[in-house]
Amino acid sequence: MNIGIIGLGGMGRDHLERVHTKVPGARVTGLYDIDSELTVRLAGQYGATAFDSAEALINSPLVDAVMVVSVDQTHYAFVMACIEAGKPVLCEKPLASGAAEAADIIRAEQAAGRRLVSVGFMRRFDPAYQDLKRYVDEGSLGAVLMAKAAHRNVKQPPYFQNDMVVNNVAIHEIDIFRWLLGEEYRSVQYFSGKQNPGSPERYDDPVLLMLTMQSGLRVMLEVNQHAVYGYDIQCELLFAQGAAELDSPAGTRLLTDGSYRTPVLTDWTLRFKDAYDIEVNAWVRALSGHRIPETASAWDGYVAAITAETLLKSRDTDAVQPVLLPERPAFYR
Ligand code: ISE
């Protein structure tokens with residue numbers, strides 16, 4: 001499987017190295033980044049072709065499938081170009097800038113008549129989240145009654161804007177909870193509160209999101225852009241007969257000076273390294289076997305976009321808002 005990668009920032013370079021070293025049956029044959037010097041240098045280093053536009057890469061016979069790892073606002077155009085070229089694409093989240101663009105993508109994919117689009121909601125492949133899902137599906141602890149989660153970043157880059165609190169960060173939880181719990185959202189509510197003095201005024205930090213599922217189950221999610229101490233992802237499910245929570249994956253606990261010290265990771269690419277490895281391997285294996293990948297679909301990206309937009313509406317109206325989803329087409333079942 002010949003892979004082209006669009007976008008060579010930190011995440012793009014991670015995927016480049018991943019496909020090069022950890023994905024049997026795949027190799028990187030094409031690269032494109034807005035920084036042409038970087039593209040040429042990495043192409044030389046990895047034995048790939050440097051393209052001078054994303055469109056040229058997508059349409060090249062050297063490329064069978066595409067990974068879109070460029071900035072969020074470019075995802076829509078590149079995914080649409082892949083659909084038009086009839087090439088499978090794994091697009092990092094979010095799928096598009098808003099629900100209208102995501103709706104265009106699902107329309108175009110259905111018109112193409114083939115499931116081409118995957119969305120990089122990699123947490124679905126994280127072994128610890130998979131454990132949680134097993135507890136939910138097995139039912140041995142009874143029904144899930146409530147969930148608590150936290151998404152804490154060390155800090156955000158200077159270009160970070162208020163909508164990104166939801167569209168770029170909480171979007172992971174928006175996807176993971178409907179996947180974990182196997183049901184859709186009924187309503188959502190956004191609460192800002194006491195502002196962290198370490199964060200710029202232009203974005204709310206921290207925020208509390210209340211996501212209510214169709215069954216009435218509530219998910220309380222803290223989203224924190226400036227936790228300073230580490231990249232900390234927490235998730236606890238309260239069952240009728242027990243509770244299960246994600247473990248800290250950072251490594252060995254140290255006992256010293258009258259205390260236990262458990263390290264916390266600071267980098268999300270490391271926190272979810274295994275998830276990304278498993279996800280990209282699953283994607284390539286499915287494509288090589290002409291099967292639909294188990295990765296999140298364009299439909300999942302669309303539902304996430306609708307939910308994110310509803311949360312922003314809740315922020316702007318300061319009120320709980322219903323999540324209005326169209327019926328899932330048979331194409332995505
Ligand atoms: C980033 O794009 C991610 O995907 C990370 O998982 C998230 O924690 C971070 O806040 C985002 O900016």
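Residue numbers count from 1 along this sequence. One-based numbering, in listed order, for ligands and for the atoms of each.
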- Task: Taking atom types as modelled, find out whether N162 and R202 have a side-chain donor-acceptor pair closer than 3.5 angstrom.
- Result: no
- Say whether, by atom type as modelled, one donor and one acceptor occur between the side chain of Q130 and the main chain of R124 under 3.5 angstrom. yes
- Item | Residue contacts for ligand 1, heavy atom to ligand atom, distance under 4.0 Å | K93, H151, N153, Q156, N168, V169, H172, Y231, W268
- Supply the members, apart from L57, of the Ile/Leu/Val/Met/Phe/Trp/Tyr cluster built from side-chain contacts under 4.5 Å; use none for a lone residue. I6, Y32, I34, F51, I58, L62, V63, V66, V68, Y76, F78, V79, M80, I83, V89, L95, I105, L116, V117, V119, F121, I171
- Item | D267 with R271: basic N within carboxylate O range, under 4.0 Å | no
- Task: Provide the full list of salt bridge (charged side-chain N to carboxylate O under 4.0 Å, His left out) pairs with a residue in residues 85-103, sequence neighbours left out, each pair given once.
- Result: none
- Query: Which residue pairs satisfy the salt bridge (charged side-chain N to carboxylate O under 4.0 Å, His left out) criterion with at least one member in residues 316-333, sequence neighbours excluded?
  - Reply: E327-R333
